[in-house]
Amino acid sequence: MSNKENKALNQLINVRIDKLNKIKERGYNPYPHIFVKEDKIVDIIKNIDEKKKYKTAGRIISLRKMGKASFLHILGSKEKIQVYVKTDLLPDSIYDDIVRNLDLGDFIGVEGTLFYTRTKELTLQASNIILLTKSIRPLPNLKEKDGKVFFAFDDKELKYRKRYLDLIANKKVKEVFIKRSQIVNNIRIFLNSIDFLEVETPILQPLYGGAFAKPFETYHNSLDRKLYLRIADELYLKRLIIGGIERVYEIGKDFRNEGIDRTHNPEFTMLEFYKAYSDVYDMANIVETMIKTIVKNLKIETINFNDNNINLNKEFNRVTFYDILEKHMSISIKDLSIDEIYKIINVKDVKIEENLSKGKLLDKLFSIFVEPNLIEPTFVFDYPIEISPLAKHKRDGAKDIVERFELFVGGYELANSFSELNDPIDQKNRFLEQIAEKSSSDENMKQLDNDFLEAIEIGMPPTGGVGIGIDRLVMMLTSTNNIKDVILFPTLKTF
RNA sequence: GACUCCGUAGCUCAGCUGGUAGAGCAGUGCCCUUUUAAGGCAUUGGUCGUGCGUUCGAAUCGCACCGGAGUCACCA
């Protein structure tokens, strides 16, 4: 489809502009400043009173002109209603001046009373029609009968680039975003109710950290220096735990300069929360309770996520990384050499970098053999230390295992949590190891975050922390399998 | 970043073993004061994503580019 305006489209637009001018010439303002919408369409439908005079408004989404009378549907915020317009019930010349010049897409105000048509459809019989906005550009097809859509507007490119059309044309789209808002709202209510404080930390950061990811770079002119868009909130929220805010959370955008696919958008919404005097096991309980509370409040019965029906009301499974990996691979993991792991991965025909650490390789095995099978909600505990530089050693003394969980649902990671590392010397050494490993491939990751280390040296109490990808949570709770369908304006290439 | 598929009127699509375009909806005109994917009659509208090439001739074949989708890589 051409991006350029063409003759055909301009013809359609010009026809509407002609109507607009006619309306103006006859002394009406096609763009008035305000309309007092006394009745919402949802309320009209809910409490039907055939004696009451209603005053409502909406966008015209269907229009059937029949000489001196017309039927049309107007769409409010949630619902639509049919309107019957008849010449001799309207003031003076309104029918000829306004109604004859209406188009699909226009906003009108309607005053009138309710009745049922011969075919028993609840209809507002108009005693007055007020043009509220003239639309001059044609909408997509909106033909529909009994909820069945006939020319579904589902061109992916148009949906995402022109989301306003998607919202007008597809009722379900609006419902997903309403639910998204309710989910986030419920998270806030839940965390606030157990004394967490919501904060905002910097998105523009001189150093980035808290996750493995490539950052976006930007530049501040008067400071004359490079800044990064954050890849995680973690290191700032921990500074707040150190400062004595014992329960703290942030819901905000993180930015990761990586590929785009069904489950990844370059900017995405992250919830992170930290609780002092707590550990990873306590955090798992909080996460499970939080998700179940949302599910209960939003009355979500079962969900279908990536073709799997999932029950969120059952107790979530709890397993350990090594146990579940051995179970799915049917071999002993502990004694595998790095070469042997590479051989296994090569057999699976998966592309993989060379010279990875054993921890990374085990993680790779996990993502190949285990992750797709974790359909029912499952907490996986006890991760290899190399892939968890911010987590505490396992309390039983195991050197190569940390206290961490990831929560999987429908084969995807939903949450990540640690007993947060608060030994400043250990933390510094782990950062140094990361830098040593990274420096060959990633120039940006070479700097040590001394400010964060200094904060840890002041002393951070034992702390549990969690990160949850809100977009993925919304995907799961709305049975959506593409992240673009839960982000209003997903990142797309620009022309 | 790699590979596969896709891009025809405002919208949804057909046409594709090469002979320069069709339908429905929307629009326009006339008729129609309870219709509902309103209806009847008539009618406008497209340099077939962009560019280059093969050919007497390209929406149809080839190459490049621009967008999109899907798989993989990176990753949450």
Side-chain angles (χ1 to χ4, degrees), chain A residues 1-16 18-19 62-73 82-90 95 99 103-105 115-121 123 125 136-146 148-162 165 169 210-214 231-232 254-266 268-272 349-353 363-364 367 371 406-408 412-416 441-442 467-473 475 482-484 492-495:
Chain A
M1 196 200 61
S2 172
N3 188 34
K4 281 177 275 183
E5 293 289 303
N6 58 48
K7 221 164 55 181
L9 176 57
N10 280 331
Q11 266 179 18
L12 293 172
I13 290 175
N14 283 332
V15 165
R16 290 180 176 225
D18 287 345
K19 291 180 186 171
S62 79
L63 182 55
R64 293 177 293 283
K65 294 182 187 175
M66 304 180 302
K68 295 193 174 68
S70 298
F71 282 93
L72 49 99
H73 279 91
Q82 179 165 259
V83 178
Y84 179 51
V85 189
K86 186 155 74 150
T87 315
D88 42 24
L89 291 177
L90 292 178
Y95 197 91
V99 178
D103 283 298
L104 289 172
F115 77 108
Y116 286 91
T117 61
R118 279 180 196 156
T119 49
K120 303 279 186 288
E121 179 167 353
T123 301
Q125 180 166 266
I136 61 166
R137 187 176 284 265
L139 273 80
N141 269 320
L142 298 172
K143 290 282 183 189
E144 180 216 345
K145 185 179 172 63
D146 303 329
K148 196 182 172 212
V149 177
F150 288 89
F151 302 97
F153 178 76
D154 64 354
D155 181 298
K156 296 277 183 276
E157 184 166 1
L158 281 177
K159 270 169 77 77
Y160 301 138
R161 285 192 202 282
K162 306 201 183 295
L165 296 179
F212 299 117
K214 293 192 188 74
I231 60 170
D254 284 349
F255 305 84
R256 299 189 181 177
N257 207 338
E258 279 145 10
I260 297 172
D261 64 28
R262 233 179 37 243
T263 57
H264 297 85
N265 196 60
F268 63 102
T269 304
M270 193 74 175
L271 160 67
E272 288 193 30
D349 205 23
V350 172
K351 294 175 209 163
I352 186 161
E353 282 178 60
D363 194 39
K364 196 78 200 170
S367 69
E371 212 172 308
E406 292 192 318
L407 171 62
F408 294 87
Y412 281 99
E413 184 191 336
L414 198 65
N416 183 20
S441 60
D442 188 350
I468 297 180
I470 295 295
D471 311 278
R472 285 194 183 172
L473 180 66
M475 285 170 69
N482 192 323
I483 199 168
K484 288 187 173 77
L492 298 173
K493 281 193 195 173
T494 45
F495 295 107

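Letters go in sequence order (proteins before strands), and every chain restarts at 1. Side-chain atoms are counted along with the backbone in the values below, which use heavy atoms only and exclude waters and symmetry mates.
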With a 3.5 Å limit on both atom pairs, tell me what [N] is paired to, counting Watson-Crick and G-U wobble, or say none.
N	result
B:U71	B:A2
B:A37	none
B:C63	B:G51
B:A14	none
B:G27	B:U43
B:U20	none

As a test of reading the structure: which of [options] is closest to the side chain of [X], going by heavy atoms?
X	options	value
A:Y84	B:U34, B:A26, B:A69	B:U34
A:D88	B:A37, B:G67, B:U33	B:U33
A:F153	B:U12, B:U34, B:U35	B:U12
A:M66	B:A9, B:G68, B:C32	B:C32
A:K156	B:U33, B:C11, B:A69	B:A69
A:R64	B:U35, B:U34, B:C11	B:U35
A:L12	B:C74, B:G27, B:G45	B:G27
A:Q11	B:U35, B:G68, B:G45	B:G45
A:E157	B:G45, B:C11, B:G67	B:G67
A:N141	B:C25, B:G68, B:A9	B:C25

So [X], base contact, sugar-phosphate only, or nothing? Heavy-atom distance under 4.0 Å.
X	result
A:Q82	base
A:N265	base
A:E144	sugar-phosphate
A:D261	base
A:A152	sugar-phosphate
A:K159	nothing
A:G469	nothing
A:R16	nothing
A:Y412	nothing
A:L414	nothing

Using the [atom1] atom as the reference point in each nucleotide, state the distance between [N] and [M] in Å, no decimals.
N	M	atom1	answer
B:A69	B:U12	P	15 Å
B:G49	B:G7	P	8 Å
B:G24	B:A42	P	12 Å
B:A9	B:G27	C1'	12 Å
B:G46	B:A23	P	14 Å
B:U8	B:U50	P	10 Å
B:C5	B:G29	P	47 Å
B:U17	B:C6	P	14 Å

How long is the gap from [atom1] on [X] to [atom2] on [Y], to the nearest 0.5 Å?
X	Y	atom1	atom2	answer
A:I468	A:M270	CD1	CE	8.5 Å
A:R64	A:Y84	CZ	OH	12.0 Å
A:D471	A:L271	CG	CG	11.5 Å
A:L165	A:Y160	CG	OH	14.5 Å
A:F268	A:D254	CZ	CG	4.5 Å
A:D155	A:R161	CG	CZ	10.0 Å

Closest approach of [X] to [Y] (non-hydrogen atoms, all atoms of both residues):
X	Y	value
A:I13	A:P138	CG1-CD, 4.3 Å
A:T123	A:T117	OG1-CG2, 3.3 Å
A:K86	A:Y95	C-CD1, 4.3 Å
A:Y412	A:T263	CE2-CG2, 3.4 Å

Can a side chain N or O of [X] be found less than 4.0 Å away from OP1 or OP2 on [N]?
X	N	answer
A:K162	B:C11	no
A:R118	B:U35	yes
A:K7	B:G46	yes
A:K484	B:A69	yes

>> Looking only at side-chain N and O atoms, does A:H73 offer a donor or acceptor that is under 3.5 Å from a partner on A:E144?
In response: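 There is no such pair (donor and acceptor under 3.5 Å, judged by atom type) between the side chains of A:E144 and A:H73.
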
For [X] and [N], what is the distance between atoms [atom1] and [atom2] respectively, to the nearest whole Å?
X	N	atom1	atom2	value
A:L139	B:C11	CG	P	11 Å
A:I13	B:G45	CD1	C1'	14 Å
A:K364	B:C72	NZ	C1'	10 Å
A:R161	B:C66	CZ	P	13 Å

>> Applying side-chain contact (heavy atoms from CB on, under 4.5 Å) to A:K68 and A:D88, what does each step give before you reach the verdict?
In response: CA-CA 9 Å; A:K68 295 193 174 68; A:D88 42 24; over 6 Å; no

>> Any donor-acceptor pair, under 3.5 Å, between the side chain of A:T117 and the base of B:U35, if you only look at N and O atoms?
In response: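 Looking at the base of B:U35, it does pair with a donor or acceptor on the side chain of A:T117 (distance under 3.5 Å).
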
>> With the criterion set at under 5.5 Å between ring centres and under 30 degrees between planes, would B:U12 be stacked on A:F151?
In response: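 Here A:F151 fails the 5.5 Å or the 30° condition.
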
Can you give me the N/O atom pairs linking the protein to nucleotides 28-31 of chain B at distances under 3.5 Å, or say none if there are none?
residue : atom : partner : partner atom : Å
B:U28   : OP1  : A:K19   : NZ           : 2.5

